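Take a look at the structure below.
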Amino acid sequence: MESHLNDTADSTMIDLKAIAAAVNPDRLAHDLATLATFGGRSDGGVARLALDDNDTRARRWLDEQASFLGAKASVDAIGNVFLDVPGSQPSLAPVVTGSHLDSQPAGGKYDGALGVLAGLEALRALKQAGFSPRRPLSLVSWTNEEGARFSPGTSGSAVFCGVRSLEDTRQLTDSDDISLGSALDVCLAELDGAGVPRRPLATPMHAFIELHIEQGPILERDQVPVGVVEGIQGVSWFEVTVTGSANHAGTTPRALRRDAFEGACALATALREAACDSEDRVRFTIGKFVVSPGSVNTIPDHVTFSIDVRHPDAATLKALEATFTQLAQQRWADCQATLTPLAHVEPVDFPNSLTRLLDDTAHTLEITTTRLVSGAFHDAIHLAKHCPTAMLFVPCRHGLSHHPDEHITLSDAVAGTQLLAASLANLTR
């Protein structure tokens with residue numbers, strides 16, 4: 001989506017370095033440590049599943065921060081929590097930043113949480129630096145990004161943007177058969193009791209910037225503190241079924257076998273070779289592989305395996321899908337294969353005007369950045385359909401995420417927060 005962000009070009013100059021200097025490392029570190037106590041695990045990780053008691057406590061804590069900002073907290077029908085800072089022209093659409101507070105069952109302290117807390121610290125820094133925004137500013141924590149308790153994830157942003165319906169999303173259930181709707185009602189009742197007002201879905205936004213840990217190894221490898229994200233790569237999921245004939249493992253010669261495992265391995269190898277590219281941009285994964293009947297002395301007659309294939313270019317992804325379909329139509333070890341599509345998400349390109357603004361702001365602050373594409377999904381994938389959207393990444397050690405050992409350095413977190421704060425100022429002045 002091309003944006004209408006050029007209305008900042010004729011604005012008065014502001015001291016971006018003063019805003020960056022107002023970012024307080026100790027305050028950011030304290031917030032990260034405080035939030036990690038909501039669902040903290042003995043191994044140093046976090047278990048804060050969407051709409052559980054810990055997630056609701058985290059939302060209450062975020063609501064409590066509003067008064068220190070001169071902000072107003074509100075919540076919408078899917079539980080997204082907003083902190084809104086007024087601008088001098090309140091009728092203008094706000095500039096928004098944020099991420100999510102929910103985690104994996106054995107997650108880390110920074111996935112999602114850093115984006116919310118960096119946004120909070122950015123708003124504090126703007127206030128401390130005496131910056132008066134023309135446009136309103138908002139911080140948001142989206143509901144159920146991870147999808148660890150209620151699948152699929154990114155529920156809050158998808159419902160907010162109209163990608164999924166509220167009614168259907170409320171029907172999602174967890175492993176204990178508790179519906180998202182019933183868990184949401186408990187959370188909303190507690191926020192109601194705290195005096196947090198309701199707000200409508202799909203409110204206009206001038207721009208959305210999400211800061212997140214990279215969840216990959218590129219920034220750490222290149223020793224770059226912040227990445228400017230150009231977009232989110234598309235993904236297609238498939239299930240492959242290979243059907244043969246079961247028989248006795250000791251009595252059936254190979255030439256007379258229809259071994260589904262042998263056929264599945266040959267097909268999987270062919271699919272992987274088809275996905276190899278000289279630029280190493282295709283991401284191809286077989287994450288599930290099930291052999292049936294699963295007996296040590298029986299030739300398998302049925303094998304299923306999954307395919308996750310990703311690429312930032314829609315045409316390349318479509319070509320790979322066509323190649324996979326052709327390969328699955330062949331016979332493998334005299335077995336029949338079937339390729340069943342499970343899901344498809346188109347790639348998202350963030351607008352050049354917004355990524356360029358992030359680059360230019362980083363240059364002013366003398367923060368080294370690089371461009372990269374997100375391999376993982378984020379709430380920004382839905383916001384990109386709603387308003388001009390971009391992302392910032394900071395490195396995580398060894399690219400590790402969704403794990404208690406997830407780790408970032410405070411200096412990288414501060415650099416990302418400084419760039420976020422100054423960019424918000426550029427967008428709201």
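On a predicted model such as this, the values are computed, not experimentally measured, just so you know. Sequence positions, counted from 1, serve as the residue numbers for this chain. These numbers come from the heavy atoms of this one structure, side chains and all, not from hydrogens, waters or symmetry mates.
- With ring centers used as reference points, Phe393 lies under 6.0 Å from His378.
- Figure legend: Arg310 and Phe284 shown without cation-pi pairing, the cationic atom not lying both under 6.0 angstrom from the six-membered ring centre and within 45 degrees of its axis.
- By the neighbour-count criterion of 12 heavy atoms within 6.0 Å, atom CH2 of Trp237 is sparsely surrounded, having that number or fewer from other residues, nucleotides or ligands.
- Minimum interatomic distance between Thr323 and Ala274 (heavy atoms only, all atoms of both residues): CG2-CB, 3.9 Å.
- The backbone N or O of Gly79 lies less than 3.5 Å from a partner atom in the side chain of Thr143, making a donor-acceptor pair.
- The distance between the ring centers of His382 and Phe160 does not fall below 6.0 angstrom.
- Of the candidates Val159, Asn144, Leu188, Ile78 forms a side chain to side chain contact (heavy atoms under 4.5 Å, CB included) with just one, namely Val159.
- Residue Ser401 comes nearest to Ile213 through the heavy atom pair OG-CD1, 3.8 Å, listed as atom of the first residue, atom of the second, then distance.
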Using the side chain to side chain donor-acceptor pair (under 3.5 Å) rule, take Glu210 and Ser99 through it: C-alpha gap first, then chi angles, then the decisive distance, then the call. CA-CA 6 Å; Glu210 180 173 4; Ser99 191; 2.8 Å; yes
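- In plain terms, the two heavy atoms of Asp63 and Ala73 that are nearest each other are OD1-CB, 3.3 Å.
- In the model, Asp111 has a side-chain atom that pairs as donor or acceptor with a side-chain atom of His212 under 3.5 Å.
- Looking only at atom types and distance, the side chain of His402 has a donor-acceptor partner in the side chain of Glu146 under 3.5 Å away.
- Atom CG of Leu271 is separated from atom CG of Leu320 by 10.0 Å, given to the nearest 0.5 angstrom.
- Applying the side chain to side chain contact (heavy atoms under 4.5 Å, CB included) test between Leu126 and each of Val23, Leu137, Val85 identifies Leu137 as the sole match.
- Between atom CG of residue Leu172 and atom CG of residue Leu180 there is a gap of 5.5 Å, rounded to the nearest 0.5 Å.
- The shortest non-hydrogen separation linking Asn54 to Ala47 is ND2-O, 3.5 Å.
- Within the 4.5 Å cutoff, the side chain of Phe350 has heavy atoms near those of the Met391 side chain.
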Between Asp55 and Arg149, does a salt bridge (charged side-chain N to carboxylate O under 4.0 Å, His left out) hold up when you go through it step by step? CA-CA 12 Å; Asp55 188 33; Arg149 182 183 182 189; over 6 Å; no
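- Judged by distance alone, with hydrogens and angles left aside, the side-chain atoms of Ser103 form a donor-acceptor pair with the main-chain N or O of Val46 at under 3.5 Å.
- No more than 12 heavy atoms of other residues, nucleotides or ligands shown are found within 6.0 angstrom of CZ on Phe261.
- Other residues, nucleotides and ligands place more than 12 heavy atoms under 6.0 Å from the NE2 atom of His344.
- Rounded to the nearest 0.5 angstrom, Phe150 CZ and Leu49 CG are separated by 9.0 Å.
- Minimum interatomic distance between Leu327 and Trp332 (heavy atoms only, all atoms of both residues): O-NE1, 2.9 Å.
- For the pair Val140/Val81, no side-chain contact is recorded, criterion being any heavy-atom separation below 4.5 Å from C-beta on.
- The two residues Leu35 and Ala113 make their nearest non-hydrogen contact at CD2-CB, 3.5 Å.
- Using modelled atom types and a 3.5 Å distance limit, the side chains of Ser157 and Asp379 yield a donor-acceptor pair.
- Side-chain contact check for Arg283 versus His311: every heavy-atom pair is 4.5 Å or farther apart.
- Ring orientation note: the planes of Phe305 and Phe289 are close to parallel, at an angle under 30° on the 30°/60° scale.
- No salt bridge links Glu406 with Arg397; every basic N to acidic carboxylate O contact stays at or beyond 4.0 Å.
- Between the side chains of Ser182 and Ser179, a donor-acceptor pair is found at a separation under 3.5 Å.
- A donor-acceptor contact shorter than 3.5 Å is absent between the side chain of Asp76 and the backbone of Leu201.
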Donor-acceptor pairs under 3.5 angstrom involving side-chain atoms of residues 114-124: please list them, not counting sequence neighbours.
residue	atom	partner	partner atom	Å
Glu121	OE1	Arg27	NE	2.8
Glu121	OE2	Asn24	N	2.9
Glu121	OE2	Arg27	NE	3.2
Glu121	OE2	Arg27	NH2	2.7
Arg124	NH1	Asp31	OD2	2.5
Arg124	NH2	Gln65	OE1	3.2

